[in-house]
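Take a look at the structure below.
Chain A is the first sequence line, chain B the second, and so forth, proteins listed ahead of strands; every chain is numbered from 1.
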Amino acid sequence: MVLELEKRLGRSLRAVLKEKYDLEIGTIPLETPPDLRLGEIATPIAFELARKLRKAPKIIAQEIVTALGPVPGFVRFEVAGAGYINAYLDRAAAALLVVPAGSPPASERGHALVEHTSINPNKAAHIGHLRNAILGDTFVRLLRAAGYKVDVQNYIDNTGVQVADVVVGFLHLEKKSPSEVRALIAELARKGERIDFYCWDLYARTSQWYGEGTGEEKAERKQLRLDTLHLIEHGGNDTAEIADLISTAVLRRHLETMLRLDIEYDFLPRESEILHLKFWEAAFEKLKQSGVLYFENEGKNKGCWVMTRPGAETIEGTDDDAKVIVRSNGTVTYVGKDIAYHLWKFGLLGRDFGYKRFFTYPDHECWISAESGEPNHPRFGGATAIYNVIDARQSDPQANVIQALRGMGYTDQADHYTHFSYEMVALTPRCAVDLGYDISEEDKQKSYIEVSGRKGFGVKADDLIDKLIAATRAEVDTRQTSNDSAVRQKIAEQIAIGALRYFMLKVTRNSVIAFDFKDALSFEGETGPYIQYAVVRIRNIFRKGSTTPEAALAGLAKLAEQEQKASQQASESAGLQAGAAHSAISDYLTGEANEDIWSLWLRAGRRAQILEQCIGTSEPAYLAKHAFQLAQEFANFYHRHHILTEEDPARKTFLLATAAVTLRELVGALALLGIESPEAM
RNA sequence: GGGCGAGUAGCUCAAUCGGAUAGAGCACCGGCCUUCUAAGCCGGGGGUUGUGGGUUCGAUUCCCGCCUCGCCUACCA
């Protein structure tokens, strides 16, 4: 509603500026005034024009208002302050615009590909990975709600050093053969234990082992690590078999963990297929042809294929700062493989993966890459816009990939490549101590300490989820004495997940989250459960009142219809007094005592506006904030206006409709955040 | 050394493209459960927006200098 009216006002203002001053303004700046007494929409445009027109802003504002005339949906415009133009909505009409459920978006906005999660499959997921997956999954929901077709991908680096490290652990610390590893995986599964937790410890032990022993031993172990990596990359040997067993088993665990948070994927492209299907060779040719890559004959990168870094000044002679893509021994770096993969994402590589089914969700299948796949598979790749949810530390390599695409002439694709970057989740020193980690005096002074999978330092995702569910279950048990255990468990899980997802989403992407159990386990104030609680309260009103939100909204629509009829009749019979025919709905939304109600309706009408803001800035936090504010305004309304005891039937209808609209918007906003709305709390 | 990001209330964070009186939550203090659930509501104290300049009608926001912190800066992935 607000978005529509803003667009309408913008068009009217543009027309006035064109006609009166012969000015073409691209977009008129529109903002929300700090107080409802100053209207609902405002523009400071007169300030901008003051210099150009050599007039005081206040005078310009007045001229614009005079020239504006009536605009449908608005009751008046005022000049305020030093030259603001404040627009006042027709409140009853605006509310009636919010009542109908929004039509589903035309799914013609394009084909987006979102890559998120992408955890190395060699250990359990930790809280940093949760932030990634929750941000990515939420953004997928936003894009879909806005009308994009979205493919969700989770890139699996199953042949990298991290997997190699844990394989070294199995082979050389635990002396296990492939069949023994296979047996271990089966054994753990049978006992209901987590293989990714097992690997978490083994990975940390192996990392430590590399650094122990004599200098000679260290060198040997370093070589062992490298040899293991090469055996895995090459494939077709025992080492590679263990890598495949482990990475696949751990990957399954990651999918299970994420499913607890309602996070699903469509496709899992793996590094092994990018290697074996020779994506790089195809990309290498294109990179050479386009001149993005050149062979370095001099300097420190002599003998390598390199590319100029983004933003680098063109310099004469040797560019020692260039990014190495192919090493002098002929092997390709990570960025090189990533360029090839991204050419595939945009459908520019000329090669494709094979596809196999891997994991079944209730309503769809998740596919995984394969050298030779199944004949009938969905199509992936060839997107028009891509979003890579990757932490801020990787902005350099991401920029390199974009630079390469641009250099190859794919400027449109480069422009639609978004590094959806976010800051890491770290632990507060207090939290680290509570978890039993030994931390240095230096670290104790810091406000946060970076987690490290290599050191086994961090909070595992499943541990946190278990802990959250236990805490919410204890609380639910004290409140829901009449519900049975299964119902309580379901509620506890919904609240726990709501708390966790909201915790990760309420902070903007570029701020480091210093994790603390006290904050994460909080269910009061600006939290997911606070919003869920508002939903439950509204549902209770309808339950106690023996009616439904649908009936309430229909009731309001009927009320509006009757008023319109009455007003028409009045104008036909009484002529001049037509304008004076007053509307009850309008009365309910005006006056000092009703400002909170109007404020609630106004915010309920902002969904489309917030959604566009989130997508335009790749920032889900705005929606999280919106949902909280809506819940907060409802809580305020709830305490001031008692609905079920309202005696005036028309006003009761209106108050019920207010609750119904709020309910719909809260449930909708929570769903976009990936948070369920419980029936009871 | 270079690049990127950050510094806002005791703490954790917001603040739309440069706009009106810098806002929330937590913590703290004081009230409110015979009511549609107190996971809630109301009230209160709390700020030289790191610092010094500049740009202008207007700066938390943009520019320059300085201070502090984090990350990136491999022929690792």
Side-chain angles (χ1 to χ4, degrees), chain A residues 27 29-35 38 42-44 47-48 50-51 56-57 80-84 86 120 157 159-164 226 229 271 296 300-306 309-311 321 323-335 337-338 391-397 399 421 423-424 426 428 446-448 450 472 475-476 479 495 499 506-508 510-514 516 518-519 522-527 529-530 532-534 536-545 609 613 616-617 621-622 625 628-629 632 635-636 638-645 659 680-681:
Chain A
T27 46
L30 293 175
E31 32 180 85
T32 306
D35 193 287
L38 299 172
T43 178
F47 296 110
E48 263 177 54
R51 179 182 294 206
Y84 285 95
N86 292 332
N120 276 301
D157 185 3
T159 57
V161 279
Q162 291 212 23
V163 167
L226 210 58
L229 176 63
E271 170 104 338
E296 183 57 82
K300 82 182 200 2
N301 296 330
K302 185 175 177 183
C304 300
W305 288 88
V306 302
R309 282 178 196 273
D321 194 40
K323 179 75 195 167
V324 172
I325 302 298
V326 181
R327 304 184 188 99
S328 54
N329 67 4
T331 57
V332 59
T333 62
Y334 164 74
V335 172
K337 282 180 272 193
D338 221 22
D391 78 70
R393 287 170 293 194
Q394 296 207 46
S395 62
D396 245 40
S421 107
E423 273 293 347
M424 62 186 169
T428 61
K446 294 181 177 171
S447 57
Y448 56 82
E450 187 175 353
T472 49
E475 192 67 31
V476 169
R479 294 160 188 261
I495 297 169
K506 71 172 172 182
V507 179
T508 50
N510 66 355
S511 106
V512 175
I513 293 181
D516 198 309
K518 181 174 112 355
D519 297 333
S522 160
F523 310 128
E524 290 168 12
E526 194 183 352
T527 64
Y530 175 96
Q532 291 172 316
Y533 190 65
V536 167
R537 281 179 149 177
I538 299 173
R539 287 184 170 157
N540 283 342
I541 293 170
F542 287 102
R543 202 170 290 136
K544 281 265 169 82
Q609 183 192 26
Q613 188 189 8
T617 55
Y622 295 124
K625 182 68 82 180
F628 173 66
Q629 287 173 332
Q632 207 174 32
N636 181 22
Y638 179 87
H639 283 272
R640 287 186 54 177
H641 309 277
H642 205 271
I643 298 174
L644 295 180
T645 54
M681 278 178 80

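Taking atom P on both nucleotides, B/A24 is separated from B/G44 by 11 Å, rounded to a whole Å.
When every heavy atom of A/V332 is checked against every heavy atom of A/R327, the shortest pair comes out as O-NH1, 3.5 Å.
A/S328 comes within 4.0 angstrom of a base, heavy atoms only.
Remark: A/Y530 is in phosphate contact with B/C41, judged by side-chain N or O atoms under 4.0 Å from OP1 or OP2. Taking 4.0 angstrom as the limit, A/R479 places a side-chain polar atom (N or O) nearer than this to OP1 or OP2 of B/A39. For B/A6, the OP1/OP2 oxygens have a side-chain nitrogen or oxygen of A/N510 closer than 4.0 Å. Contact between the side-chain N/O atoms of A/R327 and the OP1/OP2 oxygens of B/A74 is not found at any separation under 4.0 Å. An OP1 or OP2 oxygen of B/A38 is reached within less than 4.0 angstrom by a side-chain nitrogen or oxygen of A/R537. A/Y334 has no side-chain polar atom (N or O) that falls below the 4.0 Å cut-off from OP1 or OP2 of B/A77. Regarding contacts with the backbone of B/U37, a side-chain N or O of A/K544 is found under 4.0 angstrom from either OP1 or OP2.
Of the listed nucleotides (B/C17, B/C76, B/G70), B/G70 has the atom at the smallest distance from the side chain of A/K446.
One can find a donor-acceptor pair under 3.5 Å joining the base of B/A20 and the side-chain atoms of A/N86.
With respect to A/K323, the side-chain contact (heavy atoms from CB on, under 4.5 Å) criterion is satisfied by exactly one of A/D396, A/V335, A/V306: A/V335.
Pairing for B/U68 goes to B/A6, judged as Watson-Crick or G-U wobble with the two contacts each under 3.5 Å. Base pairing annotation: B/G1 forms a Watson-Crick or G-U wobble pair with B/U73, both donor-acceptor distances under 3.5 Å. Searching all strands for a Watson-Crick or G-U wobble partner of B/G47 with both distances below 3.5 Å returns nothing.
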